[in-house]
Amino acid sequence: MYRHADQGWRHQPRVMAPQTVRATALRIAEHARAHRLHGVRAVLHGGEPLLVGRDRLRLIARELRSALGEVASLDLRMQTNGLLLDEEWCALLLDERIVVGVSLDGDRVSNDRHRVRADGSGSYDDVVRAVRLLSRPEYRAAFAGLLCTVDVNNDPEAVYRALVDLRPPRIDFLLPHATWDRPPPGPGGAVDYANWLMTVFDIWNAEGRPVPVRMFDSIEAAGAGRTGFTEALGLGSPDLVVVETNGAIEQADWLKTVGSGAAATGFHVRTDSFDTAAAHPGFLARAPGLGALPVPCRRCEVVTVCGGGLYGHRYRSGSGFDNPSVYCAGLLRLIKHVRAADRPPSRHRLPEGDFEALASGGSDAAAVGRLAEAQISLRRSVLAYLHNAGALTGEGWRCLVREEASALDAVLAQPYVRAWAVRCCEALSTGAGDLDTGRVTEMALAAAVRSGRRAELAVPLRSGAVHLPSLGRLTVLDGAVAASGEVTLSVEGGRVRARDVEAAFEPTRYLTAEGVRVAVEDTDPYRNCHVWPPAPRLSQEEFGRWQELFAAAWYIVHRDHPRYVDSLVVGLRAITPLLPVPGRNVSDTSRHAFGAVAVALPETAEDLALLLIHEIQHAKLGALLDMYGLVDPAHEELYEVAWRPDARPAEAVLQGVYAHLAVAEVWRRRTGRKAAEQARHWWSASVAALDAVLVGGGLTPLGLRFATAMRSSAGAGPVLERG
């Protein structure tokens, strides 16, 4: 902002005064209360926010949380250059639940081209030191990732390698702020930036996507119809407001590229609400959707992905913001390149870093993605086994195997496909039970819908309905036909119809929150593979209650337990509602349904957040156990555990410990004596069981390594007096 056209910062206070912080906090609480928000994200920035000092930063964080109180949860973020970070700062970040991103522009040469100290010396060494400190297990929860501003004069491969080698939770590449009046630097303009990012993408993609990259992930998510993860792309709503150090309410900082006062609104936190500010023409002009975009953007083939680019990058004297982005040509080139690329082949072996991260209880999106890809291959293998055994034949099978890989994988990713296949294998081996080969026809039709192919197949009815895995349920309304046990379905143009009968389609519904979209699996006939019975299809009122609680729970996970966010975003594909059990919270995962978590809706969002974290740990370890043998199958010793009345085999103990160490961590992040007691209880129970297995002799060398890493990450345990 110091180099932008708007130099208003020169007249601002260097630090926000306590009374201004208080007024801002009260306005945030007022807004959250008025709109019944479950959560609010606040980002502290500068300049360099660490320059306020530890005491003042702590007071700011507590002022914001105190004002919100029981109104809404606070997700508090900060962007820093990291130069002042030390262990004392990191401890404060954890205590005050502040998650930080660090600015680093790549290798030494690239970073020190612009990020220098007042004396002209480079900052690279100190920034890397800060990143390594945040990456330590005890501080990792406070680390959001690395932010890198693209400079086409830097070597893209050198930048990429320097960032990835630090194993951040995420990398965010930013385009330099520019307008048509002040174009991006470089002889080739926008295309130079596209070529630079395409080089990075190709290396990242070829190497198996070792770390999430927000820009690339957003392009793929938006292209698949999901919500993107960056304000620089997509058709989302302008939900950002800035409060300056003097209390002035302004629009986004990037408008300062346009000219003096471009971001100003004339409103102030002491006199005006955020609703009042939201009526400012600057905010209204940025309404979401296609209708607010310039005409050329609305006609563009990638508009749903690009969204016209960052609003501030559209400015040109004379026409204002009614223009495509100054990066338009580059964005078009980059988006097409990313969408055309093949995903890297699955090798189904985890890099050392993934194994260590999983053993410590955490993991990033790439690690969980590799577990999920291995599960797809496992399901393909089981189908091939059933076909070779003569169980899966006929037109349904032939139609299924002709499908495009992407459409077939989308169907195979539905968690209960494996649960069905395993039952078929059991029926084959024992001669008892139903093979239910009609499921293959359902899968073939679902894949045809996804790929847009034409198909017509006879499908068996289940209680008058046909389930299409990953899509929903088609219920035949003709009682006579429904009783006959079969109906012919046709697929054309991506739509499915029942031939010659009336039928109603009930699509799969989705729970949504920021950056996540999870199917509600309340119709699949194979969802009864859990310990607790599944609930029937939710009414609209029941679904609304689930949506409300899920959004609130997700905010809590994002705010308080960020190291589990990637696991849930990638690993949680479906939530299966269970029938409630009076007086207790119940949840479950099935080893044969990776991606599904079964839950009876609890009373509070805090309970739902805990249950989701607990169960995703079970799912991750189950997928890891499908890839690696951690326990000697000949070992028969049983172990006492605190969470079950019966003694458990070694593998079950590992599963329980892995999940309950996460439960202890969730309780540790809460305040109050009950939370401290629960944290201590679950930590002690987990460590006692783990120690018994470690000396019991039933682990393979790899299992011993995994369990030892779990024990090391558990540390000395939470302190009872905390909170």
- Go through the steps to decide whether Glu542 and Trp546 satisfy the test side chain to side chain donor-acceptor pair (under 3.5 Å), and finish with yes or no. CA-CA 6 Å; Glu542 291 169 331; Trp546 267 97; over 6 Å; no
- Tyr639 six-ring centre to Arg648 NZ/CZ under 6.0 Å and within 45° of normal: no
- Message: Distance to the ring centre below 6.0 angstrom and angle to the axis at most 45 degrees; does that hold for Arg423 and Trp420?
- Response: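 Here Arg423 fails the 6.0 Å and 45° test against Trp420.
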How are the rings of [X] and [Y] set relative to one another: parallel (under 30°), tilted (30 to 60°) or perpendicular (over 60°)?
X: Phe216; Y: Trp204; result: tilted
X: Phe706; Y: Tyr658; result: tilted
X: Trp554; Y: His558; result: perpendicular

- Query: With no hydrogens and no angle check, do the side chains of Glu603 and Asn585 hold a donor and an acceptor under 3.5 Å apart?
  - Reply: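 Distance-only check fails for Glu603 and Asn585.
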- Message: Among residues at least two apart in sequence or on other chains, which ones pass side chain to side chain donor-acceptor pair (under 3.5 Å) with Ser567?
- Response: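 Counting only residues at least two positions away or on another chain, Ser567 forms a side chain to side chain donor-acceptor pair (under 3.5 Å) with Ser363, Lys620.
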- Scan residues 562-597 for pairs that pass ring-ring contact (aromatic ring centres under 6.0 Å, His included), counting only residues two or more places apart or in two chains.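 The answer is none; no pair qualifies.
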- Message: When you compare the side chain of Ser135 with that of Leu166, does any pair of heavy atoms fall below 4.5 Å?
- Response: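 No. Closest side-chain heavy atoms not under 4.5 Å.
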- Below 6.0 angstrom between ring centroids: does that apply to Tyr416 and His530? yes
- Lys/Arg N to Asp/Glu carboxylate O, Arg537 vs Asp522, below 4.0 Å: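 Answer for the salt bridge query: yes.
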- Task: Could you point out which residue of Glu521, Glu506, Glu442 forms a salt bridge (charged side-chain N to carboxylate O under 4.0 Å, His left out) with Arg473?
- Result: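 One option only clears the test, and that one is Glu506.
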